[in-house]
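Atoms within each ligand, like the ligands themselves, are counted from 1 in listed order. Please read all numbers here as calculations on a predicted model, not as lab measurements. Numbering of residues begins at 1 and proceeds along the displayed sequence.
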Amino acid sequence: MALWSGRFNEGVDAFTQRFGASLPVDKALYAQDIAGSCAHAAMLGAQKIISEADALDIQEALADIKSDIEQGAFTFDINDEDIHMAVESELTRRIGQAGARLHTGRSRNDQVATDTRLFAKKRAVDLMEANLCLREALLACASEHFDVILPGYTHMQHAQPVLFSHHMLAYVWMLTRDFTRLQAAYDAADASPLGAAALAGTTYPLDRAQTAATLGFASVIPNSLDAVSDRDFLLDLLYACSVSAIHLSRLCEELILWSTSEFGFITLSDSFSTGSSIMPQKKNPDFAELIRGKSGRVVGDLMALLMTMKSLPLAYNKDLQEDKQGAIDAAQTLEDSYVCMRGMISTMEIHPDAMLEQASKGHLGATDVADYLAKRGLPFRQAHEVVGHLVKLCEERGCNLDDLTLKDFQNESPLFEADVVRSLDLAAITRARTTYGGTGHEAVLVQLDEATSATCEDRKTLAELMKSVV
Ligand code: ARG
């Protein structure tokens, strides 16, 4: 019989029992559930709501149950609707009356909210760790290939040359913001609902501050209705996961393009590629494609919970049971994607010659030639027009700007002198972009430094957060 069977004449139909159960999903929260119950029992004992002896028996038996679960010696029974019932029934089987006292002044509504918040904090921390490892791999790749030049694109057309390290650092910054979003999700989860009971608080003299402190929560949620029905923290986690998964999908797209024979900018290592069952020559960037594809699932998980929450009246409704599956899935998917991307980045081969060859096509020096004229007094709009004519000339002749003679240049403007060739050298063009945040070598060195410091700072933040997760 279920733990709530008192007012019922019949048990639940076998199908509805299965349909209504969340155990297959929420058993992943066993550690958080047991930690929450231990904290509650200790507080009940300290407040003399139950005897100290019962409180100790409960905590000891819960520790045994935890180790049985971890050793695979615990059989989950689907007749226990969820992890809370599974643990409590087993507790009562083991220690009888004392176990049956654990749920005093508590409801599964504040219990599940507590477990889920602890779980969200733990997963946010795991994701921050994986995020940092990936950033470190990207930073190492950027430093190793610091000087390599590739075409920078707008509209997928060659635009201006940029340093490969600058390109990689753009992703490091995206991931740095993702870390901040994960931290915000951690903070959103970091308040204790325990003691809100079913929805209205209880008549027992609970010490909510004590259980919050024991569980490592930074604060206590001030409204019992909100405490049991708020799932913003999961939406925040799902949003953080979604944005980061989208960032990874952008990087994947570039890795996939770069590894085509048309680009040939990189070769992914064999350990991060697959072959074809029919075409012997194939080497496919499957894992980059898979990460790109999985981003859709992560965003789907966010959408699903947003829709579940829409129009939900206060306070707890069973709809809320749908909250965990997507959050667990999104966190796992992103964590795996981070790990896979890290492996791919640290093992891929870079082909600087192929990048440089492409950078020398498509008149990437055109802006700098226009700047050359503008710096000699011609208004930039007119300079743009002059260089436009030169590019047209190149297109007609099927050549590049640096194939033109000084005479060709001077036919368009008398301001041109022999030193214009300097505006056509890719390394010089790149180096000249000295603006803070630009692709100039000096500026990228500053950036590399800043991105590395941000990583170190985030490592420190993470070490602090790790101290208070269950
Ligand atoms: N399994 C439930 C969930 O995940 C636990 C809370 C159930 N509470 C209730 N009153 N039915 O949301």
Side-chain angles (χ1 to χ4, degrees), residues 1-8 10-37 39-40 62 65 69 74 76-92 102-123 189 192-202 211 215 221 224-235 237-238 301 304-331 470:
M1 284 301 245
L3 291 173
W4 38 255
S5 62
R7 58 101 66 222
F8 289 81
E10 288 176 55
V12 180
D13 166 83
F15 171 78
T16 52
Q17 175 63 32
R18 239 192 357 267
F19 183 68
S22 56
L23 185 60
V25 171
D26 60 29
K27 66 182 179 193
L29 277 61
Y30 77 90
Q32 289 75 23
D33 190 71
I34 288 173
S37 289
H40 183 65
L62 285 171
I65 292 174
I69 295 176
F74 188 97
F76 287 103
D77 177 357
I78 196 70
N79 291 314
D80 290 319
E81 192 181 309
D82 49 34
I83 185 66
H84 327 298
M85 289 191 166
V87 171
E88 196 189 320
S89 326
E90 180 61 19
L91 181 72
T92 309
L102 167 64
H103 213 50
T104 313
R106 186 176 70 165
S107 155
R108 277 186 299 151
N109 299 349
D110 61 339
Q111 187 178 359
V112 72
T114 304
D115 294 6
T116 311
R117 281 172 176 270
L118 290 174
F119 187 78
K121 285 175 65 181
K122 167 82 174 78
R123 296 304 280 141
S192 176
L194 199 56
L199 74 164
T202 81
T211 46
L215 292 170
I221 298 176
S224 61
L225 297 168
D226 190 34
V228 293
S229 63
D230 165 31
R231 294 295 183 273
D232 295 1
F233 63 98
L234 280 187
L235 290 174
L237 181 63
L238 284 162
D301 289 331
L305 186 59
L306 280 169
M307 288 304 100
T308 295
M309 297 308 294
K310 182 181 175 296
S311 313
L312 265 196
L314 291 175
Y316 180 86
N317 297 276
K318 182 80 164 178
D319 313 44
L320 289 172
Q321 181 167 286
E322 285 297 306
D323 64 348
K324 286 171 283 299
Q325 190 160 7
I328 292 172
D329 177 64
V470 175

Could you list each nitrogen or oxygen of ligand 1 that sits under 3.5 Å from a protein nitrogen or oxygen, with the atom names and the distance?
{"residue": "ligand 1", "atom": "1 (N)", "partner": "Ser22", "partner atom": "OG", "Å": "3.0"}
{"residue": "ligand 1", "atom": "1 (N)", "partner": "Asp82", "partner atom": "OD2", "Å": "2.9"}
{"residue": "ligand 1", "atom": "1 (N)", "partner": "Gln321", "partner atom": "OE1", "Å": "2.8"}
{"residue": "ligand 1", "atom": "4 (O)", "partner": "Lys324", "partner atom": "NZ", "Å": "2.7"}
{"residue": "ligand 1", "atom": "8 (N)", "partner": "Asn109", "partner atom": "OD1", "Å": "2.9"}
{"residue": "ligand 1", "atom": "10 (N)", "partner": "Asn109", "partner atom": "OD1", "Å": "3.2"}
{"residue": "ligand 1", "atom": "12 (O)", "partner": "Tyr316", "partner atom": "OH", "Å": "2.4"}

Check against salt bridge (Lys or Arg N to Asp or Glu O under 4.0 Å), Lys324 and Asp115: CA-CA 11 Å; Lys324 286 171 283 299; Asp115 294 6; over 6 Å; no

Does Thr308 reach the side chain of Asp323, with side-chain heavy atoms less than 4.5 Å apart? no

Which salt bridge (Lys or Arg N to Asp or Glu O under 4.0 Å) pairs, counting each pair once, include a residue from residues 76-85, with sequence neighbours left out? Glu81-Arg108, Glu81-Lys318, Asp82-Arg108

Quick one: salt bridge (Lys or Arg N to Asp or Glu O under 4.0 Å) pairs with a partner in residues 11-37, sequence neighbours left out? none

Any residue meeting ring-ring contact (aromatic ring centres under 6.0 Å, His included) with Phe74, in chain and number order, not counting sequence neighbours: Phe76

Which atom pair, heavy atoms only, marks the closest approach of Asp110 to Ala197? OD2-N, 2.9 Å

